[in-house]
Amino acid sequence: MIKIKKNSNYFIFVYSLLLSNFLYSQNYKNCDKIVNVASNEIYSNPDKVIKIGESIVNESGNNVDCKIKGYKLICDAYTSKRNYEKTLEYLNKANGMLRLSNNALLKIAILNKQGIIYHQLKIYDKAIQYLDQAEQAIMEYPIKDSIHNDLGKNFIVRGFIYKEEFNCEIAINFFDRGISELLKVKSKPAYNVISIAKYNKGNCYILLTNNQLAIENFNQSYLAAKMLDAKSLQAFANKGIAQVYTLEGNYDGAIAKLNEALLLSNEVKDLVLNQEIYKGLSENYLATSQWEKFNIYHSKYQSIQKLIKESERKSISESLDSKKIEITKKLTEETSKIQLYLLTLFIGLLLLVSFFSILIKKKRKDIVLIKSKINSLQLKKMK
């Protein structure tokens, strides 16, 4: 019996072939099922999810909704990798096809996603603008049982923004509202977002100097992430617990938790997560006078910080370029409308002038004719 070597590339290749046949034979009717299964691995194996998303896009044929969902799946996977340049690229592809779809829930999901991306790029006014549009569309959607997932995400992203722009009391309220909506969904992918919300609640409780509630929320975040084997989210939860330990002076406990987080993060290659872990390790090694390890992790922290800034700069630049293109397109459309209006007005005036000119000429001829007749009658009377 031949043993096949297990590796992710082989699995992805086989999965892609099976997916191709499945989509073809089922005429794409089960696209949602494929997307939902893949969504479970966005935070545990984003590279595999990207491959699955690409297969969905390539095999969707004329099924617009399925293609959009494939693009969004790729977009979500790149978001988990903090690759905002690629995230925006695939979000724009999904958004570009949205006008061809009549799926209201899909439009809501894309609006929410745009709000999420602009929040991550710290362009908060744009984020709120898209979240408001998504919330309005959610409230107008007639089947209320279908909108818990999108409404939950909407509330949680607002919580992120309010945490950074206002205060943690407001943010926690929105996190709780979002979690409440997501618990109604009763699907595994919802636990990814619940884990993120719980982690951010933990951070809020650190700022509110309530270490006990912070630890409770970080533990709940870890358990929610573990349900889906979402390694990056488990690592974030461990990093949060380590932060509390550091504040309490338990440096060895913090180092242990951060090393656990580092092992988990190595599998997902999340730049922001690694940056935070390296920063935490360097600070705790400094506090325990372990100079060699401090220098190693401080150097790693500085290197990865530069990579993140470059990535964010590229993403913001691409976002601005996209906005410039959008504005230019609108300006061109408006200019064309104005030109068409002026041309129509000019032609209308020309026709009007021509009409009156012809009318005046006719009247003049009539007047000349009348005068001629009058003169003729007067001559007859004189005779």
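Please read these numbers as outputs of a predicted model, since none were measured by experiment.
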Arg158 with Glu135: basic N within carboxylate O range, under 4.0 Å:
yes
Ion pair check, Lys231 and Asp229, cut-off under 4.0 Å:
yes
Rounded to the nearest 0.5 Å, how far does CG of Leu111 lie from CG of Asn95?
7.5 Å
d(Tyr278 OH, Gln305 CD) to nearest 0.5 Å is 13.5 Å
Which value, rounded to the nearest 0.5 Å, describes the distance between Asn192 atom CG and Ser232 atom OG?
8.0 Å
Scan the side chains in residues 174-185 for donor-acceptor partners under 3.5 Å anywhere in the protein, sequence neighbours excluded, and list what turns up.
unit_1, atom_1, unit_2, atom_2, d
Asp176, OD1, Lys201, NZ, 2.8
Glu181, OE1, His148, ND1, 2.8

Within the structure provided, determine whether Lys300 and Ile296 are in side-chain contact (heavy-atom separation under 4.5 Å).
yes
Could you check whether any side-chain heavy atom of Ile196 comes within less than 4.5 Å of a side-chain heavy atom of Phe160, counting everything from C-beta outward?
yes
Take Asp76 and Lys72 through the salt bridge (charged side-chain N to carboxylate O under 4.0 Å, His left out) test and state the conclusion after the steps.
CA-CA 6 Å; Asp76 289 340; Lys72 185 180 178 296; 3.0 Å; yes
Check the surroundings of atom NZ in Lys279: do more than 12 heavy atoms from other residues, nucleotides or ligands lie under 6.0 Å from it?
no
Partners meeting ring-ring contact (aromatic ring centres under 6.0 Å, His included) with Tyr71 (sequence neighbours left out):
none
Classify the ring geometry between Tyr285 and Tyr297 as parallel (under 30°), tilted (30 to 60°) or perpendicular (over 60°).
parallel
For Tyr205, the other hydrophobic cluster members (4.5 Å side-chain criterion, sorted by chain and number) are Ile172, Leu208, Leu213
Is there a side-chain contact between Asn103 and Leu98, using heavy atoms and a 4.5 Å cut-off?
no
Between Phe294 and His298, what is the ring plane arrangement, given parallel below 30°, perpendicular above 60°, and tilted in between?
parallel
How about Tyr118 and Tyr130: are their ring centroids closer than 6.0 Å?
yes
4.5 Å side-chain heavy-atom contact, Glu41 and Leu228
no
Does any non-hydrogen side-chain atom of Glu164 lie less than 4.5 Å from one of His119?
yes
Tell me whether the guanidinium CZ or amine NZ of Lys93 lies under 6.0 angstrom from the six-membered ring centre of Tyr90 and within 45° of its axis.
yes
